Amino acid sequence: MGFTIGAIGGLSGIREIRELRPGARRRERAQVCTTVAEYTSLWGWDVVPGARAARSGDRVTCSCGAAACPAPGDHPLDATVEVPAGATLDEATRAWSQVPGAATLLPTGRAFDVLEVGLTAGRCALVRLERMGVPLGPVAVTPHGMAWFLVAPGAAAELPDLLYRMGWDDADLDLRGRGEGEHITAPPSDLAAHGPVGWLRPPTLETAGRPPQARLLLGTLAYVCHRSASVRPRTGGDGPTAR
């Protein structure tokens with residue numbers, strides 16, 4: 001498969017990787033390739049090479065080469081390029097050797113969709129759901145304070161109707177779906193120069209292939225998001241207050 005990258009050679013984020021000692025570079029590449037192969041062969045997910053962002057003071061540049069990139073380090077390098085589910089370690093290594101320094105992205109709308117909520121609400125909801133014995137899929141945490149709950153594909157398109165049927169359609173919720181045509185940055189890749197993405201609840205053989213239906217989680221997620229939104233910092237006061 002043919003992989004190409006834009007004009008990335010002069011960008012500091014990629015330069016940092018290339019300036020590692022040869023042994024360190026090999027270990028870095030091997031770790032990334034192993035991660036890609038884990039996603040494709042073990043969990044059965046497609047993987048897309050993504051752009052990387054580098055921060056210099058207040059300026060952020062993107063490895064896609066666009067001077068005015070609208071989403072530095074948070075988009076595929078080429079939406080037509082991917083390592084398909086089922087790819088082996090050797091196949092992942094051959095593919096990723098052509099995109100040095102690329103971030104690892106997982107397309108949504110295929111094996112799973114994502115329900116995205118604020119991290120505080122996400123942690124609280126996760127505890128509640130676990131106590132209730134609700135089937136859960138993997139849950140990722142981002143460096144800019146969001147939690148990603150992986151659910152069955154189709155959830156993003158159905159989200160407005162599900163919220164309506166549950167009576168949450170007009171509530172102030174920090175909750176959105178990511179579905180077909182979108183992606184998430186996969187742990188442990190860096191997200192837009194903010195830092196690495198991690199797992200709150202790592203994938204397993206059972207949960208990766210059969211993520212839960214969104215409706216099983218949505219009531220709790222909506223409730224916790226609503227409670228979080230009802231508390232705002234009190235201007236000039238001593239602490240938060242309910243609206």
Side-chain angles (χ1 to χ4, degrees), residues 39-40 42-48 50 70-71 74-76 79-80 82 84-86 104-142 144-187 191-192 197-230:
Y39 287 134
T40 58
L42 190 57
W43 309 135
W45 297 339
D46 299 330
V47 177
V48 174
D74 191 20
H75 64 85
T80 66
E82 65 182 47
T104 306
L105 305 185
L106 303 174
T108 53
R110 301 182 188 182
F112 59 83
D113 276 10
V114 165
L115 296 179
E116 179 182 88
V117 300
L119 181 55
T120 299
R123 288 185 184 275
C124 182
L126 184 58
V127 171
R128 286 174 175 263
L129 291 164
E130 288 176 336
R131 287 176 178 171
M132 293 163 59
V134 175
L136 292 168
V139 182
V141 56
T142 77
H144 61 304
M146 304 303 292
W148 291 334
F149 286 74
L150 274 61
V151 293
E158 298 171 358
L159 187 57
D161 185 56
L162 287 172
L163 289 172
Y164 173 78
R165 284 187 280 162
M166 292 181 177
W168 290 108
D169 55 306
D170 59 351
D172 180 13
L173 303 179
D174 183 15
L175 189 160
R176 68 172 290 251
R178 291 184 181 223
E180 186 175 357
E182 298 183 84
H183 68 275
I184 59 172
T185 299
L191 175 58
V197 179
W199 291 114
L200 279 178
R201 185 181 176 90
T204 65
L205 289 175
E206 181 179 0
T207 62
R210 300 183 62 184
Q213 294 295 319
R215 58 181 173 79
L216 300 177
L217 287 65
L218 193 55
T220 299
L221 286 171
Y223 171 77
V224 173
C225 286
H226 180 65
R227 287 292 302 271
S228 298
S230 69

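This is a predicted model, so every value here is computed, not measured. Residue numbers count from 1 along this sequence.
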Is there a donor-acceptor contact under 3.5 Å from the side chain of T104 to the main chain of A186?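 No; zero donor-acceptor contacts below 3.5 Å.
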Taking the side chain from D113 and the backbone from A155, do they hold a donor-acceptor pair closer than 3.5 Å?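 Yes: the side chain of D113 pairs with the backbone of A155.
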Could you report the tightest heavy-atom contact between [X] and [Y], atom names first, then the distance?
X: A152; Y: Q213; result: CB-NE2, 3.6 Å
X: E82; Y: P84; result: O-CD, 3.7 Å
X: A111; Y: P211; result: O-CG, 3.6 Å
X: P138; Y: P202; result: CB-C, 4.3 Å
X: L221; Y: A125; result: CD2-CB, 3.6 Å
X: A140; Y: V197; result: CB-CG1, 4.2 Å

Stepwise, does the side-chain contact (heavy atoms from CB on, under 4.5 Å) test hold for L173 with L163? CA-CA 10 Å; L173 303 179; L163 289 172; 4.1 Å; yes
In terms of ring plane angle, is the pair F112 and W45 parallel, tilted or perpendicular, where the classes change at 30° and 60°?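 Correct class here is perpendicular.
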Run the side-chain contact (heavy atoms from CB on, under 4.5 Å) check on D174 and V117 step by step: do they pass? CA-CA 6 Å; D174 183 15; V117 300; 6.0 Å; no
Going by heavy atoms in the side chains, are [X] and [Y] under 4.5 Å from each other?
X: T207; Y: L136; value: no
X: L216; Y: V151; value: no
X: P187; Y: Y39; value: yes
X: T185; Y: T142; value: no
X: D46; Y: L106; value: no
X: R215; Y: E158; value: no
X: D74; Y: H183; value: yes

Could you measure the distance from the CG atom of L115 to the CZ atom of R176? Nearest 0.5 Å is fine.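 These two atoms lie 10.5 Å from each other.
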State the CD-OG1 distance between E130 and T220, to the nearest 0.5 angstrom.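 Here the rounded value is 12.0 Å.
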Any pair with a residue in residues 144-169 that passes ring-ring contact (aromatic ring centres under 6.0 Å, His included), sequence neighbours left out, goes on the list, sorted by first then second residue, please.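 For residues 144-169, and leaving out neighbouring residues, the ring-ring contact (aromatic ring centres under 6.0 Å, His included) pairs sorted by first residue read H144-H194, W168-H226.
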Tell me, yes or no, whether the heavy-atom count around R201 atom CZ, taken from other residues, nucleotides or ligands under 6.0 Å, exceeds 12.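 It does: R201 CZ has more than 12 such atoms within range.
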Taking atom CD of E180 as the centre, report whether more than 12 heavy atoms of other residues, nucleotides or ligands fall under 6.0 Å from it.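 Result for CD/E180: open.
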